[in-house]
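Written below as structure tokens is the structure these notes are about.
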Amino acid sequence: MPRGNPQMSKRNIRMTNTKKPKNTKQTLNRLWKLLAGQRLKLIIVAVFVTLSTISNLLGTRLVGVAIDEFIVPNDFSGLLKLLIFLLAVYITGAILNRIQILLSVKISQIVVTDLRQKLFEKFQTLPLKFFDTNAHGDLMSRATNDIDTIANSLNISLSQAISSLITIIGSLFFMLMLSPILTIVTFISLPILFFITSFITKRSKIYFKKQQNVLGELNGKVEEIIPSQKVIKVFVKESDEINEFSILNKNLNQVGIQAQIFSGLMGPVSTMINGVNYALITLAGSILAVYKLITIGDITSFVMYTKQFTRPFNELANQYNMLILAVVGAERVFDILDREPEPMDKENAVELKDVKGKVVFDNVTFSYNDKKTVLKNVCITANPGETIALVGPTGAGKTTIINLLTRFYDIQKGKISIDGINITDIKRNSLRKSLGIVLQDTYLFTGTIRDNIKYGKLDASESEIKQAAVLANAHEFIHRLPDGYDTILAEDDDTLSQGQKQMIAIARAILADPSILILDEATSNVDTRTEVKIQKAMLNLMKGRTSFVIAHRLSTIRNADLIAVIDDGKIIERGNHKELLSKKGFYYNLYMNQFND
């Protein structure tokens, strides 16, 4: 991959640019499609929610009946019977509500689990360029914070949407039945509530979008800082890092306050409007009661229905923060899911079998961003079993050649072939299985040493694992560890030295038994003595295999069959070690600078 992540390498802390929010309706539709697979459970939830809501609506009507027919006439015997029935209605509603809540939680967790799985699988299909140009911390934030926000919101929203709809329709029905005049009075305040809600919604969503983006930057900063503590302490940059984090933290604080202020207006505003509405209903109801157009019990029921009618809007106001965060989080997750994956193999792509190892770069030209050409008409021919060394200054394009051979990136012009087959005509998995790669930056997974070596061949036997470790000169130090091959490793722990980690990575490549070997600065992190051991192992490994070696230590490539000297994306010299020294050109100067004695 390119040296350094373009986004992560920027040390300046900036405010995230505000992006126009995407279509909320479209996002909600996509979430609904995810729920479609749980239709039977949703139907059951809908039935229980409906019965629970109807029981609450019926209970409200019975309160008015109790006042008019039992309390006012002082019929306490009848009132007791009605209260028992009313209690049974409310208990039934509570049980039904509890069941639908449990079902809703189960549905939401199934959906979120599926969404998390799809996101992780998407990460595996995206091209390397995506990870080179996106902060890893932000991607982690999408896979954790955003997914959790969606889960929390779905837990509440699944049943609430159905309950709110039935409550609004049922309440409106009983309100019209009790008093059309009071119903009209109730609707006077609704347009005002809808207008204010719409205004607050549009404004606060912008700030919630900024909040999630800044949170992603903050997570990216933390993800970058934790593994780089040694570098920070060596250069005494603790205060600088604290200052940069403080700026990001303050930015998050600012946009968080703005988001909460706007969304927090929903509750007080709706409460105020509802209060005015209740006052108007009380006034109008009193006038109607004086003229005996409505009873006290009906007024009581009507006011309760009014509260039930406006309750969904109030709940929306109180839970608005979570709903907006869920929509924004879903947009950020769907943004990843909508990214173009690594291009599919051609329909007639072939498996690479019985690899001889002839690799040809034919006038290859490549650019990462269509602005600067990294490689310019590169031509290299590696015959089976030959070792090709790539040397040159940093940024010359050496690693890019490896990226193209592995098809981490695809060329714009020219052709790369293996055994006469264009690599674009070969299935990617087949191509990469034929390549053994040892990178400069060693990566070990969390697990035992055995598991890390076995990653090169999951069905390897114990003897094969140890044989690979012996060839990589790793068996001796592994054997000295208290737990031997069962020693637990993590990427950033200090159980092993960098050189030892590199030797484990080499053993992993040896176990994979590749037809073509790629060594990208494979010995750059080891001392001279360890380098000699690895070189001996490499000579055994490279026998009979076509090998590409990138090396700054020119002493490691003296025996290469061909040394290609690259500068500014072009091969300026080629030949073996002796031939290049005799030319006294670019390679000669590089070599003399390293061995001027």
Inset, instruction - Determine whether more than 12 heavy atoms belonging to other residues, nucleotides or ligands lie under 6.0 Å from atom CD of Q124. - result: yes

Inset, instruction - Kindly indicate whether the side chain of F445, heavy atoms from C-beta on, has any atom under 4.5 Å from the side chain of D451. - result: no

Inset, instruction - Would you check if N56 and N97 make a side-chain contact, meaning some heavy-atom pair closer than 4.5 Å? - result: no

Inset, instruction - Name the orientation class of the two ring planes belonging to H475 and H479 (parallel below 30°, tilted from 30 to 60°, perpendicular beyond 60°). - result: parallel

Inset, instruction - Could you check if a side-chain atom of Y409 sits within less than 4.5 angstrom of a side-chain atom of L128, using non-hydrogen atoms only? - result: yes

Inset, instruction - For the pair S430 (side chain) and L352 (backbone), establish whether a donor and an acceptor sit closer than 3.5 Å, ignoring hydrogens and angles. - result: yes

Inset, instruction - Check whether any side-chain heavy atom of I453 lies under 4.5 Å from a side-chain heavy atom of Y485, and answer yes or no. - result: yes

Legend entry - Side-chain heavy-atom pair I478, T487 within 4.5 angstrom cut-off: no

Legend entry - R339 atom CZ: more than 12 heavy-atom contacts under 6.0 Å: yes

Legend entry - Any donor-acceptor N/O pair, N249 side chain to F245 backbone, under 3.5 Å: no

Inset, instruction - Answer yes or no: is there a donor N or O on one side and an acceptor on the other, between the side chain of S153 and the main chain of I150, under 3.5 Å? - result: no

Legend entry - Short side-chain to backbone donor-acceptor contact, T373 and S367, under 3.5 Å: no

Legend entry - Main-chain N/O of L248 paired to E217 side chain as donor or acceptor, under 3.5 Å: no

Determine all donor-acceptor pairs shorter than 3.5 Å in which one atom belongs to a side chain in residues 110-119; sequence neighbours excluded.
residue: T113; atom: OG1; partner: Q109; partner atom: O; Å: 2.6
residue: D114; atom: OD2; partner: K118; partner atom: NZ; Å: 3.4
residue: Q117; atom: NE2; partner: E121; partner atom: OE2; Å: 3.1

Inset, instruction - Taking salt bridge (Lys or Arg N to Asp or Glu O under 4.0 Å) as the test, write out the residues that go with K427, two or more places apart. - result: E351

Inset, instruction - For K122, look at atom NZ and say whether over 12 heavy atoms of other residues, nucleotides or ligands are found less than 6.0 Å away. - result: yes

Legend entry - D335 side chain vs E331 backbone, donor-acceptor pair below 3.5 Å: no

Inset, instruction - May I ask you to decide if G484's main-chain N or O and R450's side chain share a donor-acceptor pair within less than 3.5 Å? - result: no

Inset, instruction - Please check if the side chain of T448 supplies one atom and the backbone of I488 the other of a donor-acceptor pair under 3.5 Å. - result: no

Inset, instruction - Give every residue pair that meets the salt bridge (Lys or Arg N to Asp or Glu O under 4.0 Å) criterion with at least one member in residues 245-257, sequence neighbours excluded. - result: none

Legend entry - Neighbour count >12 (heavy atoms, 6.0 Å) for atom OH, Y455: no

Legend entry - Partner of L390 by side-chain contact (heavy atoms from CB on, under 4.5 Å), out of D520, V549, T400, I402: I402

Legend entry - Residue list, salt bridge (Lys or Arg N to Asp or Glu O under 4.0 Å) with K457, at least two apart or on another chain: E464

Legend entry - Under the salt bridge (Lys or Arg N to Asp or Glu O under 4.0 Å) test, residues paired with R407 that sit two or more places apart: D410

Legend entry - Residues which pass side chain to side chain contact (heavy atoms under 4.5 Å, CB included) with I44, listed by chain and number, not counting sequence neighbours: L40, F48, L103

